[in-house]
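Values reported hereafter were calculated over all heavy atoms of this structure, with side chains retained and with hydrogens, waters and symmetry mates removed. Proteins get letters first, then strands, A, B, ... in listed order; numbering begins at 1 in each.
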Number of protein chains: 2
Amino acid sequence: MIVTTPARSLRADAARNRELLLAAAEEEFVERGLDASIADIARRAGVAKATVFRHFATKEELIAAIVGSHFSALTAVARGLLESADPGAALLEFLTVAADGLQQQDLTFLQTASEGDSTVIALRDELHATVDSLVERAREAGAVRADITGTDVFLLICAPVHAAGFLPRPAPDLWRRYLGIIFDGLRPEGANPLPLPAPSWS
Amino acid sequence: MIVTTPARSLRADAARNRELLLAAAEEEFVERGLDASIADIARRAGVAKATVFRHFATKEELIAAIVGSHFSALTAVARGLLESADPGAALLEFLTVAADGLQQQDLTFLQTASEGDSTVIALRDELHATVDSLVERAREAGAVRADITGTDVFLLICAPVHAAGFLPRPAPDLWRRYLGIIFDGLRPEGANPLPLPAPSWS
DNA sequence: TAGCAAGTTGACCGACCGGTCATCTTATGC
DNA sequence: GCATAAGATGACCGGTCGGTCAACTTGCTA
């Protein structure tokens with residue numbers, strides 16, 4: 001799932017441990033948020049703590065690696081959708097994929113990681129620019145209001161996930177409902193609103 | 001600003017320190033999030049660390065006191081708006097006040113505090129019920145879609161603030177823009193959309 | 001104004017954190 | 001199969017955290 005370009009031909013065990021570490025860190029950060037400890041991540045990956053620091057000099061660097069891979073994956077999705085024949089549907093599709101990927105993710109995670117690390121900032125800006133194009137096409141097609149910008153959409157991506165996450169035990173697809181509501185808010189008047197999924201929380 | 005019912009006639013200095021502590025804690029949590037330390041809070045209030053623990057047995061208890069006061073303040077606002085002649089405008093007004101109060105607030109703050117402490121849960125449920133009534137009136141007045149529930153609105157309150165907070169240096173009223181977008185998503189088709197504030201971020 | 005309970009304080013505790021280092025292990029090129 | 005450099009490891013460090021405690025100070029009351 002996590003695709004990273006290895007800096008320079010790693011030894012076989014090192015390469016394996018690096019992947020193990022990234023996977024374990026991802027899970028641990030999802031479960032515990034930004035406060036997940038390096039020791040726990042190492043334990044989950046089945047390696048010693050010092051091994052983590054051999055691969056990632058600081059905790060921030062580890063976080064940046066994960067966040068960066070998320071950003072570039074989303075950029076790839078957005079790029080693909082730029083070819084779509086229906087720009088409005090393409091935008092909705094992108095929002096759905098993005099929100100789905102963000103699910104359960106501690107969002108302050110992405111936030112703090114986006115500041116400071118220049119590589120991550122570059123990847124984020126690349127994603128931002130691609131979303132801009134996606135929104136522009138949707139706007140030209142009349143699928144969103146004229147005054148909606150790419151930044152608006154970029155910022156609103158996580159809103160539905162966050163809203164749904166506020167419930168102690170939210171239905172697993174509640175975020176789709178809120179994504180629908182927000183997407184409707186982006187549409188020009190007169191356009192057909194989405195049929196919302198039923199409110200299925202308990 | 002913070003109104004709490006003192007358990008039993010505190011000594012004058014103790015009562016003063018308690019208020020100083022609550023104010024300092026509020027500021028510190030806003031600035032540093034959930035990770036703000038008791039020592040920093042004590043320093044800000046001008047008292048020793050041990051004094052904090054005399055007033056609040058644990059950090060969680062201090063957090064619960066703050067969050068609880070926020071919830072009850074919002075409930076009071078919502079109750080007042082139940083008397084309003086225009087249910088749709090009343091709902092929008094409530095959302096605006098709630099989002100404004102949430103601004104700069106670390107939202108995981110409210111989230112984690114809402115779990116575990118029974119007093120806070122009770123206050124939250126009370127707010128939830130009041131918002132339910134507010135939404136029901138708006139729905140009957142045709143100001144929101146028929147399928148929108150109080151829970152929907154309750155959960156979506158923080159979405160605009162969160163979205164705006166994602167930017168490194170957001171314009172101070174960017175959240176109003178996103179509140180407008182989301183509110184539009186709640187409205188039945190045919191109703192007039194809000195004129196959105198201009199996207200004034202830099 | 002004297003006595004005392006209520007309140008305050010700084011020193012202290014154990015746990016845990018991110019990060020380091022000297023030493024041991026192992027994959028790999030010859 | 002061996003030399004060696006890349007990698008792994010556990011013990012360890014300084015710092016910070018939430019929380020405790022015995023000793024001290026202060027507001028209240030009779």
Pick base, sugar-phosphate or nothing for A14(B), based on heavy-atom distances below 4.0 Å to the nucleic acid.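 Contact class for A14(B): sugar-phosphate only.
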For A36(B), report the nucleic acid contact type (base, sugar-phosphate, nothing); a contact means any heavy atom under 4.0 Å. sugar-phosphate
Nearest-angstrom distance from the residue atom [atom1] of [X] to [atom2] of [N]:
X      : N       : atom1 : atom2 : value
L62(A) : dC17(C) : CG    : P     : 15 Å
F56(A) : dG7(D)  : CZ    : C1'   : 14 Å
E60(A) : dG19(C) : CD    : C1'   : 11 Å
R16(B) : dA6(C)  : CZ    : C1'   : 14 Å
F53(B) : dG7(C)  : CZ    : P     : 18 Å
I63(A) : dG18(C) : CD1   : C1'   : 11 Å
E61(B) : dG18(D) : CD    : P     : 15 Å
I38(B) : dT8(C)  : CD1   : P     : 15 Å

So, for [X] and [Y], which heavy atoms are closest and what is the spacing to 0.1 Å?
X       : Y       : result
A99(A)  : V161(A) : O-CG2, 3.3 Å
G150(B) : V135(B) : CA-CG2, 3.8 Å
L74(B)  : A98(B)  : CD2-CA, 3.8 Å
L10(B)  : R18(B)  : CD1-CD, 4.0 Å

Residue closer to the 5' end of DNA chain D, A48(A) versus D40(B) (nearest nucleotide):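 Its nearest nucleotide being more 5', the pick is A48(A).
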Between A12(B) and S37(B), whichever has its closest DNA chain D nucleotide further toward 5' is S37(B)
Heavy-atom donor-acceptor pair, K49(B) side-chain to dG10(C) base, under 3.5 Å: no
Hey, is the side chain of [X] poking within less than 4.0 Å of OP1 or OP2 on [N], counting only N and O atoms?
X      : N      : answer
H55(B) : dG7(C) : no
N17(B) : dG7(C) : no
R11(A) : dA6(D) : no

Name the residue from I63(A), V67(A), I66(A) that meets the side-chain contact (heavy atoms from CB on, under 4.5 Å) definition with V120(A). V67(A)
Taking dG19(D), dG7(D), dC21(D) as options, the one with an atom nearest any side-chain atom of K59(B) is dG19(D)
Side chain of T51(B), heavy atoms from C-beta onward: which of dC21(C), dT8(C), dG19(D) has the nearest atom to it? dT8(C)
